[in-house]
Number of protein chains: 2
Amino acid sequence: MKHYSISEASAKLTIPESTIRYYEKKGLLPLIERDEAGRRLFSDDQIMFLQIIIYLKNTNMPISRIKQYVDWVVEGDGTIDLRLDLFIKHKQTVLDDMALMTEALKAMDKKIERYTNRIQSSKQGKEEK
Amino acid sequence: MKHYSISEASAKLTIPESTIRYYEKKGLLPLIERDEAGRRLFSDDQIMFLQIIIYLKNTNMPISRIKQYVDWVVEGDGTIDLRLDLFIKHKQTVLDDMALMTEALKAMDKKIERYTNRIQSSKQGKEEK
DNA sequence: GGTTGACTTAAACCATGGTTTAACACGTAT
DNA sequence: ATACGTGTTAAACCATGGTTTAAGTCAACC
């Protein structure tokens, strides 16, 4: 199992190194090994774990809540029901957000249509001159 | 055409009054009338305009960009093509965001499934004792 | 042996999007 | 006339999520 440096992890996940360090400082990346010189070493598992965190971040889960999840993971099997609940609740939050966005998209489509029509008719106005 | 007080507008759009004032200060609500005592009066049109702003906010358009849109609206018909372009681009941004969220949802669904299975089998383990 | 490049840290800084506070003004019901 | 509810303002404050800076270590190449 290969290990990645922070720059490799950064490249693989397309996320700045500064963000990875920030996440670790916030407690989102426990158990990361270091080499003799103190450099972070990311295993494949840890890359995957970070990917999950990025998914949660991409769906606007606050860092404090991600931290809660991470703590539960560290705590072990006794917290599986809590984690399941967290994912189920978060999924619903995301679906609600997307519903809001879809509603906004509908309004934007109307705007786009109306503006397109106005531009069309103003062009016609010119042609008819 | 009736006019609404800030509290009525707030209730109608389910958004805090403080936010409405904040938006006005940021220039997102030009042309709002005031009564003799200096209180804001919102027409139906302005309520609808604010609703659009809320849609843009709900889809994570930064206030600076919303301001740009508002300025173009104030400027008049000469900016219709710019506004159309803004909406088309923003729509794509929103679709991209939703794609990211959908991808995250897929990962969450896998987690939910795995956790559910683990909980199931741990229950079975108990029963078999 | 000295510079380069990749890494480390803690702490300061920044942008965003509001919310809260303090101090004050108005109109109406008691 | 006074107290209440509702409004006003500017400015301070807050949370979130990073990014940047300053100061330093280490290994390796030239």
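Fair warning: this is a prediction, and the values are worked out from it, not measured in the lab. Sequence lines set the chain letters: A, B, ... in the order given, protein chains first and strands last, and positions in each chain run from 1.
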K.L.:
Rounded to whole Å, how long is the line connecting atom OH of A:Tyr22 with atom C1' of C:dA11?
P.N.:
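Distance, rounded to whole Å: 14 Å.
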K.L.:
Classify the nucleic acid contact of B:Arg34 as base, sugar-phosphate or nothing, counting any heavy atom under 4.0 Å across all strands shown.
P.N.:
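If one applies the 4.0 Å heavy-atom cut-off, B:Arg34 turns out to touch the sugar-phosphate alone, with no base involved.
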K.L.:
Can you say whether the rings of B:Phe49 and B:Tyr69 are parallel (under 30°), tilted (30 to 60°) or perpendicular (over 60°)?
P.N.:
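Plane angle under 30°, so parallel.
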K.L.:
Rounded to whole Å, how long is the line connecting atom CD1 of B:Ile15 with atom C1' of C:dT19?
P.N.:
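Rounded to the whole Å, the gap is 13 Å.
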K.L.:
Quick one: closest heavy-atom pair of B:Leu56 and B:His90, and the distance?
P.N.:
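The pair with the smallest heavy-atom distance is CD2-CD2, 3.9 Å.
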K.L.:
What is the distance, rounded to the nearest whole Å, between atom CZ of B:Phe42 and atom P of D:dG7?
P.N.:
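So the two atoms are 10 Å apart, to the nearest Å.
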K.L.:
Using the side chain to side chain contact (heavy atoms under 4.5 Å, CB included) definition, which of the options B:Thr93, B:Leu95, B:Ile88, B:Val94 pairs with B:Lys91?
P.N.:
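For B:Lys91, the side chain to side chain contact (heavy atoms under 4.5 Å, CB included) test succeeds with only one of B:Thr93, B:Leu95, B:Ile88, B:Val94, which is B:Leu95.
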K.L.:
Can you measure B:Lys26 atom NZ to C:dG17 atom C1' for me and round it to whole angstrom units?
P.N.:
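Distance check: B:Lys26 NZ to C:dG17 C1' gives 8 Å.
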K.L.:
NA contact type, A:Ser18, heavy-atom cut-off 4.0 Å: base, sugar-phosphate, or nothing?
P.N.:
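Base contact - A:Ser18 has a heavy atom under 4.0 Å of at least one base atom.
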K.L.:
Just how far, in rounded Å, is P of C:dC7 from OH of A:Tyr4?
P.N.:
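Taking atom P of C:dC7 as the reference, OH of A:Tyr4 is at 15 Å.
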K.L.:
Nearest whole Å is fine: how far is C:dA15 P from B:Lys67 NZ?
P.N.:
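In whole Å, C:dA15 P lies 18 Å from B:Lys67 NZ.
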K.L.:
Can any side-chain N or O of A:Ser10 pair as donor or acceptor with the backbone N or O of A:Ile15 at less than 3.5 Å?
P.N.:
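The answer is yes, because a donor-acceptor pair under 3.5 Å joins these two groups.
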K.L.:
I want to check one thing: is the phosphate of C:dG17, taken as OP1 and OP2, less than 4.0 Å away from some side-chain N or O of B:Tyr23?
P.N.:
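No, no such contact exists.
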K.L.:
Does a nitrogen or oxygen in the side chain of B:Thr19 sit under 4.0 Å from OP1 or OP2 of C:dG17?
P.N.:
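No, no such contact exists.
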K.L.:
Which part of the nucleic acid, if any, lies within contact of B:Ser64, taking any heavy atom under 4.0 Å across all strands shown: a base, the sugar-phosphate backbone alone, or nothing?
P.N.:
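Result for B:Ser64 = nothing.
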K.L.:
What's A:Lys57 touching, base or sugar-phosphate or nothing? Going by heavy atoms closer than 4.0 Å.
P.N.:
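Counting heavy atoms under 4.0 Å across all strands, the contact made by A:Lys57 is with sugar-phosphate only.
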K.L.:
Return no unless some side-chain N or O of A:Ser5 is found under 4.0 Å from OP1 or OP2 of C:dA6.
P.N.:
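For C:dA6, neither OP1 nor OP2 has a side-chain N or O of A:Ser5 closer than 4.0 Å.
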K.L.:
Starting the side chain at C-beta, find the nucleotide from D:dG17, C:dG17, C:dT9 nearest to B:Pro62.
P.N.:
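Closest nucleotide to the B:Pro62 side chain: C:dG17.
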K.L.:
Without decimals, in angstroms, what is the distance between A:Glu24 CD and D:dG17 P?
P.N.:
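In whole Å, D:dG17 P and A:Glu24 CD are 18 Å from each other.
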K.L.:
Could you check whether B:Glu36 gets within reach of a base, just the sugar-phosphate, or nothing at all, counting any heavy atom under 4.0 Å?
P.N.:
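Counting heavy atoms under 4.0 Å across all strands, no contact is made by B:Glu36.
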K.L.:
Tell me what A:Arg21 touches on the nucleic acid: a base, only sugar-phosphate, or nothing, going by heavy atoms under 4.0 Å.
P.N.:
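Touches a base.
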K.L.:
Considering all heavy atoms of both residues, which atom of B:Ile119 and which atom of A:Asp81 are nearest to each other, and what is their separation?
P.N.:
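Nearest heavy atoms, B:Ile119 then A:Asp81: CD1-CA, 3.7 Å.
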K.L.:
To the nearest angstrom, how far is A:Lys25 atom NZ from C:dT8 atom C1'?
P.N.:
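Computing the A:Lys25:NZ to C:dT8:C1' distance gives 13 Å.
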K.L.:
Name the closest nucleotide to the A:Arg39 side chain, picking from D:dG18, D:dT8, C:dT8.
P.N.:
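Closest nucleotide to the A:Arg39 side chain: C:dT8.
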